[in-house]
Asks: 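Questions regarding the structure given below will be posed in turn.
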Number of protein chains: 2
Amino acid sequence: MPRSRPPHSVLWEVPSRPRPTLTRDDLVRAALALLDEAGFDGLTMRNLAERLGVQAASLYNHVRDKREVLALLADAIMAEVPPPESADAPWHDALYWLACDYRRALLTHRDAARLLSETTPLGPGPNRLRVLDDLVGILRGAGFAGEAAADAAWLCNTFVTGFVLEEQTQLVSSDDAAAGERQADVAGWLSQLPLEHYPNVLAVAGPLIDGETDRRFLFGLNTVLDGLELRLSTSRG
Amino acid sequence: MPRSRPPHSVLWEVPSRPRPTLTRDDLVRAALALLDEAGFDGLTMRNLAERLGVQAASLYNHVRDKREVLALLADAIMAEVPPPESADAPWHDALYWLACDYRRALLTHRDAARLLSETTPLGPGPNRLRVLDDLVGILRGAGFAGEAAADAAWLCNTFVTGFVLEEQTQLVSSDDAAAGERQADVAGWLSQLPLEHYPNVLAVAGPLIDGETDRRFLFGLNTVLDGLELRLSTSRG
DNA sequence: ACCTGAACACCGTTCAAGT
DNA sequence: ACCTGAACACCGTTCAAGT
């Protein structure tokens, strides 16, 4: 009885494919490039298909609907948030760096925070859950447990995503070099309005609308970290 | 010389208008009702026109484009945030109540936080700026000045809007009584996934995904307030 | 198994034409 | 001054038909 190969062995077929037939991974990669170029509003099933050299209807062979594309995309971006370097760093520092890395990953891709806000936080992909796990891990290591660990993680996550959301949509109407122009626009608009009715905004108008988002982010992050630290020490003692 | 009225005096015409010709205010009121019924995705120029008994093209006589409708709508919602009751309350309490009122106003209208996130924070309307002024006012009264007052107000605003954004989009796929079902779905999905890879999420899964958003909000708010208080006392001493 | 062509039910917005 | 009808350039999605 000769042990011949079956006529269409999978071992033979795999390398003989003429074109490797559009991968789900190609789709996500193309979608990410399209997002960076065209923004969230330009991220269209039809545009995505064109970039892949295919008709829009074909995409539905690889993906259930647009929501799934967005979910895969969100997870791909979250994959770029590095895990904490060492598990034995002080929790204060670890949380600080994770928040900064988190923000940095979102800022790397246009409208990333808006994408996150429009997709369900619990993926199909593993990375959104993984970042959340890193967050909870640091907080549990710090001494938070149960509800406190969950609520503290939620707070950190909300702060980072919420901050970057405003940070990125601030630039929404600045297509080209309109960034500086818009800054001037806002300043002009502010100084023209009946600002005497808004004395407090007027008093701090400069730092309120300037472009120093790093300073603003660090103020917020450090305030949150201090609040958490206080909560930890008072529940212990 | 008889002092006869001109044939088409404006004094006569104004009360003789058959229909008082669609007001900009009617438009906003209808848009708000439509938002509450149909959500952000159902808020369409065509749907809005239908509700007003008019063709979609007619809306452009009263409004520049859809973005302006959204901006007017956002301001109408912010008008429902009450100003602080007394200026001499302890700043800690005043900030606490303003944050709660702010959240309450957003929760009153479907997808309100998403609406805020998709419109520029400095309205055409007065109310977004007014709430911001209230916020800065409380913080300046507490002793914050300059950059610190601006950054602290930004933090509070980001926290409230960011929190409610997640709170409201959590329910996005719950059309009818699917709320409890979805809760069970998430729990089932969590317990089925390779949760051994996410030990920290697993350890606090319950309080992480439960529906007690009030508890979560208060934890975050109190943590932020404590952080601000600490910042205030250390910069003084 | 995957892609195409064509269609369906929508969008926001413009514009000439009516009154 | 305001509204209509019709059009334009888009959407996401479905489905029979091809290979």
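Residue numbering restarts at 1 for every chain, and letters A, B, ... go by the order of the sequence lines.
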Asks: Where the side chain of Ala57(B) is defined as all heavy atoms beyond and including C-beta, which of dA6(D), dT4(C), dC3(C) is the nearest nucleotide?
Replies: dA6(D)

Asks: Identify the heavy atoms of Val69(B) and Ala31(B) that sit nearest to each other, and give their distance.
Replies: CG1-CB, 4.2 Å

Asks: Is there a Watson-Crick or G-U wobble partner for dA6(C) with both distances under 3.5 Å, and which nucleotide is it?
Replies: dT14(D)

Asks: Lys66(A) NZ to dC10(C) P: how many Å, rounded?
Replies: 18 Å

Asks: Identify which nucleotide among dG12(D), dG12(C), dC3(D) has an atom closest to any side-chain atom of Tyr60(B), counting heavy atoms from C-beta outward.
Replies: dG12(C)

Asks: Does the side chain of Ser58(A) get closer than 4.0 angstrom to OP1 or OP2 of dT4(C) through an N or O atom?
Replies: yes

Asks: To the nearest Å, give me how far apart CZ (Arg46(B)) and C1' (dC11(D)) are.
Replies: 11 Å

Asks: Among Thr119(B), Asp133(B), Asn157(B), which residue meets the side-chain hydrogen bond (donor to acceptor under 3.5 Å, both in side chains) test with Arg128(B)?
Replies: Thr119(B)

Asks: Nearest whole angstrom, please: distance from the P of dG5(D) to the CD of Glu50(B).
Replies: 14 Å

Asks: At under 4.0 Å, does any side-chain N or O of Asn47(B) touch on OP1 or OP2 of dC11(C)?
Replies: yes

Asks: Does a nitrogen or oxygen in the side chain of Asn61(A) sit under 4.0 Å from OP1 or OP2 of dT4(C)?
Replies: no

Asks: In Å, rounded to the nearest 0.5 Å, how long is the span from CD of Glu118(A) to CZ of Arg114(B)?
Replies: 4.0 Å

Asks: From CZ of Phe40(B) over to C1' of dC11(C), roughly how many Å is that when rounded to an integer?
Replies: 13 Å

Asks: Rounded to whole angstroms, how far apart are CG on Leu52(B) and P on dC2(D)?
Replies: 15 Å

Asks: Is the phosphate of dC11(D) approached by Thr44(A) (side-chain N or O, under 4.0 Å from OP1 or OP2)?
Replies: yes

Asks: Can you check whether His62(A) has a side-chain N or O nearer than 4.0 Å to OP1 or OP2 of dC3(C)?
Replies: yes

Asks: Separation of Leu59(B) atom CG from dC15(C) atom P, in whole Å?
Replies: 17 Å

Asks: Rounded off to whole Å, could you give me the CZ-to-P distance for the Arg64(B) and dT13(C) pair?
Replies: 11 Å

Asks: Nearest-nucleotide wise, let me know which of Gln55(A) and Leu43(B) is further upstream toward the 5' end of DNA chain C.
Replies: Gln55(A)

Asks: Look at Glu167(A) together with Arg103(A) and state whether they make a salt bridge at an N to O cut-off of under 4.0 Å.
Replies: yes

Asks: CG of Asp41(B) versus C1' of dC10(C): gap in Å, rounded?
Replies: 13 Å

Asks: Do side-chain atoms of Gln55(B) reach the backbone of Ala49(B) as a donor and acceptor pair under 3.5 angstrom?
Replies: no

Asks: So which nucleotide from dC3(D), dT13(C), dA6(C) ends up closest to the side chain of Met45(B)?
Replies: dT13(C)

